[in-house]
Structure formats: structure tokens, C-alpha cells
Number of protein chains: 2
Amino acid sequence: MDERRSARRVGGRRAGRDGQPVPPATVARLPGYLRALQATAAEGAVLTSSDELAARAGVSPAQLRKDLSFLGSYGRRGVGYDVAHLREQITVVLGLADVRRVLLVGVGNLGHALANYAGIAERGFVLVGLVDADPAVVGTTVAGLVVEHADDLRAVVARTGATIAVLTTPASVAQRTCDELVAAGVVGILTFAPGALRVPDHVDVRTVDVASELQILAFHDRARSAGGGVS
Amino acid sequence: MDERRSARRVGGRRAGRDGQPVPPATVARLPGYLRALQATAAEGAVLTSSDELAARAGVSPAQLRKDLSFLGSYGRRGVGYDVAHLREQITVVLGLADVRRVLLVGVGNLGHALANYAGIAERGFVLVGLVDADPAVVGTTVAGLVVEHADDLRAVVARTGATIAVLTTPASVAQRTCDELVAAGVVGILTFAPGALRVPDHVDVRTVDVASELQILAFHDRARSAGGGVS
DNA sequence: TAGATTGTTAATCGATTAACAATC
DNA sequence: TAGATTGTTAATCGATTAACAATC
């Protein structure tokens, strides 16, 4: 086993260059750094600093340097970071060196919007399939793909080689669909259905719940107005 | 000033019943508990336990009890929690006792889908306005509301009394639109545009970045396949 | 009373921050 | 060399977990 090629795991967490695991909180910020670097590169800058990059990403310079230190030492003291090189390193760490294949399940209003969302393709992914249970939707073309039937989900995953799925079905069928995706071999699921999904340990779930986000905002809204007394 | 009615603040964080602040991590889980309680109530249960509720919400019973303890003591030892009462308490804490008015800015594919998303109304919010910069969209009716022009944003906020905004504009105009929302008096913003938004301290921002979520999933996907050697 | 289940405590764990030595 | 900026350390802070006394 070639240690330079293989990924070493430390306590179930992917190891960085030096064998240290990358903390989840750091992983969650890496996409923001990558995006900030792309903006910097677009302006033609060759070098950048933790100050500049942190400002763009909306974190503190200390936080940024700490995060990058988990990946390795990609900056030069007194100089800064090479934009192209750091961009490349983060791309590799995030697993975006190879394009990831994404399957979208549930082509309703939201699924339709996401299928046409350019940001997905721009940031390392290919949409390889669309699946829905509604006969009226199956067979139609959305974002250049023909929508296939939910009954064929397993075959679609096998044929397309999708490893990541976006789940935009009604909440009532989310868990069942999730189970089918897992059975088909998908290892990452981004769900927009409210409610917790149960998955085996080797599967990763991220949940976007719009109403929950609004409720969190409402908490602060209330905290703000309650003291002041708007009357 | 009546202490029983007014909200006390501790270090800028809203205080719970006993004056202790509610930790952000706890606040972020409250919507999940509320939803679990609604499901429990829908099944006709009058009492529930930390075990059952935690399982539904996808957290540990210890976590749930700890979280609820920040709000006060709403359970009975040896008995459990009264579903209706706990539901009411969390609703109040989250600031959902009064319906919150939401403005949606950017009626493209995604904005259109969100405007029609029933979950928003079901969970304590009213959509009170739609705004877009595209003359082809302004004047059309979406989700029962006539889309107004972005130039009138300030007037729309004033007229509708919206305190929370959903931002689904292109990334290029997100910061400018955000500034206008803040100037108009909005105190909570849920943005779907990638990239950090700068806002004053009294404004709360939550960001949903679909591509970032996928990239986080890609990290784990890579971690998984790199060790195993698929070929 | 006996059994069940909360609310709270203390211990552990992970994340953030600040400061500065290393080094370009 | 002098100035700049990283990478790392140590301190602080916040979140999670496990255990159990309180109490229904």
C-alpha cells in the first residue's frame, strides 16, 4: 500500500498531509476558502495573505491559518499564500480533483430549481440523473436530462455511478427514498426535507431545512424586539 | 419594567426563563424538537419522553434534556413531558408565538420554488412580499403575491413590516441587496447566495450554500473511496 | 413502595482565540 | 537587516456526554 497515494484515517476522520485528522468545523469552512481564492484569482492576484483571505471568507485571520495548518504548510512566512497552489491543495483535500457525480431525487419546484442551478457544475459536480415518482414528470427533460422513474432508482445509481444524492422529495417519503439511495450505494446525501434521516455510519447526511433556518432567525428577532418594546 | 414580561439579555444572548442564556447550538436544535413534537402530537400522544423525542429529532436523550434545561423545567421526573405544553414553550422561546413576516428578494427559479414552499407558512411565517430587479418578473403574480420592483425595496419593507428576508438574488448583487435590506430595517437574513455577507452586529445572517454542502459531502466521499481502492 | 424519568453535575472533548517564535 | 506574515502553542471558551441524585 503506497502511503503517498492512500488516505490514512485517524479515528474515522480523514487524515491531512501530516496524518492529523481534519476537524469537521474546519472541513465545513474549506468551501468558503476555496470560493474566496477563486475570487482572488479572478482579480489576477498571484499571492494573498491570511488577512485578505479571511476577510473575504468572513472569518478571523487566526481561524484561517489554524484551519489551513491542518492541511499542511502551504504558505510562506513573511510572504503569504500562492493563490493557485493553495486553491489546488484545497481542491484535492475536498475531493474535488475528480468531478463528483450527483443524482437528484424529487423534481418538484425545488428540485427543478436546483437542477438548473449553475453553481453546482461550477464547483466540481456533474448532475448525472434525475428521478421522480410522479408519472407526469417522468419522461420530461429538465436541465438537459430526462427524468426517470423512482422505481428505477437503483438502476439509475448503478448506471450513472452517482455517489452523492440531492433529496428534494416530500418529507413523507424522504426516509424511504433515503434508504433506497443507501441500498443503491450512495454515500452522501444532501436533503431538503425537514426531519432527521437515519443512515448507516458510512453514509454522510447534510440537511438544509429552510423553515428551521427561519425559526432560528425568529429567535434572534424576538430577542431583539422583546427588550426594546416597539409597541 | 416588568421582569416577568421583558426579555433579559445576558452577554448579548437571549436569556432563558431563569436568566441563563440559551447557547447557539441549543437554539439551532430547537426547530427540530418542535417538529418532533408536532409529529408526536399528530399521533395523538399526550406525554412523551426524552428518549422518544430525542430519537425522533436524531439527537441523544442526554442532549435533548440538556437543551431543554436551558429553557426551564418543563418535564416531570418519572413521567416525561407534556407534548402540548412543551410545544407551546418552545414556540414561545423561538419567537413564533407571533407570526413573523418574511420578504423574499429575488424571484428566479429558486425564489419561485421557495415562495411556493408550504413549509414556511406551516411553521410560523407569512410571506408578505416579493421583490425582483427583472422588469419581466415585476408585476407577475407568484404564490398569490404581485412581484414588486427592487427599487422599491425599502418601501415594501416599511409597508409590510417584514423583519426577516430570504435572499435569492444572484451572488453578484447579494451584498448590495443585503445592505438595502439592513437599511430598511430587516434584522434577519437567510441567504442562498454563496459568499460571506457583511452585516452590522444587530443583524443575523444564516447562509445556505448548496454547492458548499455538496463539497463537504465530497470530502467524506473521497475519504471513503481513497482508502478502499475501488478499481 | 418500586420503577421510571427528569434535571443537573462533573468530566471530557472539540473549537476558537491570542500571542509570538520562526522564517521569508 | 528590518519588516512582514506564517505556523504553532497555550489559554480560553463552548459543547457534548455520562452518570446519578432528585422526584414523580
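Letters A, B, ... mirror the listed sequences (proteins, then strands); counts begin at 1. Here the structure is a predicted model, which is why all the values come from computation and not from measurement.
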Can you measure [X] atom [atom1] to [N] atom [atom2] for me and round it to whole angstrom units?
{"X": "B/R76", "N": "C/dA4", "atom1": "CZ", "atom2": "C1'", "answer": "13 Å"}
{"X": "A/D51", "N": "D/dA4", "atom1": "CG", "atom2": "P", "answer": "12 Å"}
{"X": "A/R29", "N": "C/dA15", "atom1": "CZ", "atom2": "P", "answer": "8 Å"}
{"X": "B/L47", "N": "C/dA4", "atom1": "CG", "atom2": "P", "answer": "16 Å"}
{"X": "A/L68", "N": "C/dA15", "atom1": "CG", "atom2": "C1'", "answer": "16 Å"}
{"X": "A/L64", "N": "C/dA15", "atom1": "CG", "atom2": "P", "answer": "17 Å"}
{"X": "B/E52", "N": "C/dT6", "atom1": "CD", "atom2": "C1'", "answer": "15 Å"}
{"X": "B/L53", "N": "C/dT5", "atom1": "CG", "atom2": "P", "answer": "14 Å"}

Should [X] be listed as having a side-chain N or O under 4.0 Å from OP1 or OP2 of [N]?
{"X": "B/S50", "N": "C/dT5", "result": "no"}
{"X": "A/Q63", "N": "C/dA15", "result": "no"}
{"X": "A/Y81", "N": "D/dG7", "result": "yes"}

(message) Counting neighbours of CD on A/Q38 that are heavy atoms of other residues, nucleotides or ligands and sit closer than 6.0 Å, is the number greater than 12?
(response)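 Counting other residues, nucleotides and ligands, CD of A/Q38 exceeds 12 neighbours.
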(message) Using only atom types and a distance under 3.5 Å, with no angle test, would you say the side chain of A/T168 pairs donor to acceptor with the backbone of A/G106?
(response)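 Answer holds: yes.
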(request) Mark yes or no for whether B/R101, through its side chain, and B/G161, through its backbone, hold a donor-acceptor pair below 3.5 Å. (result)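 Flag set: sc B/R101 to bb B/G161 pair under 3.5 Å.
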(request) Salt-bridge test for A/E180 and A/R176: reply yes if a basic N is under 4.0 Å from a carboxylate O, no otherwise. (result)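 The answer is no: the pair does not qualify as a salt bridge.
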A side-chain contact here means heavy atoms from C-beta on lying under 4.5 Å apart; do [X] and [Y] qualify?
{"X": "A/Q175", "Y": "A/L197", "result": "yes"}
{"X": "A/D67", "Y": "A/V59", "result": "no"}
{"X": "B/I90", "Y": "B/V93", "result": "no"}
{"X": "B/Y81", "Y": "B/R65", "result": "yes"}

Which protein N or O atoms sit under 3.5 Å from an N or O of nucleotides 8-13 of chain D?
none

(request) Let me know, please, whether A/G78 or B/G75 comes out on the 5' side of the other along DNA chain C by nearest nucleotide. (result)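 Whichever sits nearer the 5' end wins; that is B/G75.
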(message) At 10 degrees resolution, what angle do the end axes of the helix from C/dG3-D/dC24 to C/dC24-D/dG3 form when each is taken over five base pairs?
(response)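 Computed from the C1' atoms at both ends, the axes differ by 10°.
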(request) Identify, with sequence neighbours excluded, every residue that meets side chain to side chain contact (heavy atoms under 4.5 Å, CB included) alongside B/F125. (result)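 Only A/L214, A/Q215, A/A218, B/L96, B/R100, B/V102, B/I120, B/I164 meet the side chain to side chain contact (heavy atoms under 4.5 Å, CB included) criterion with B/F125.
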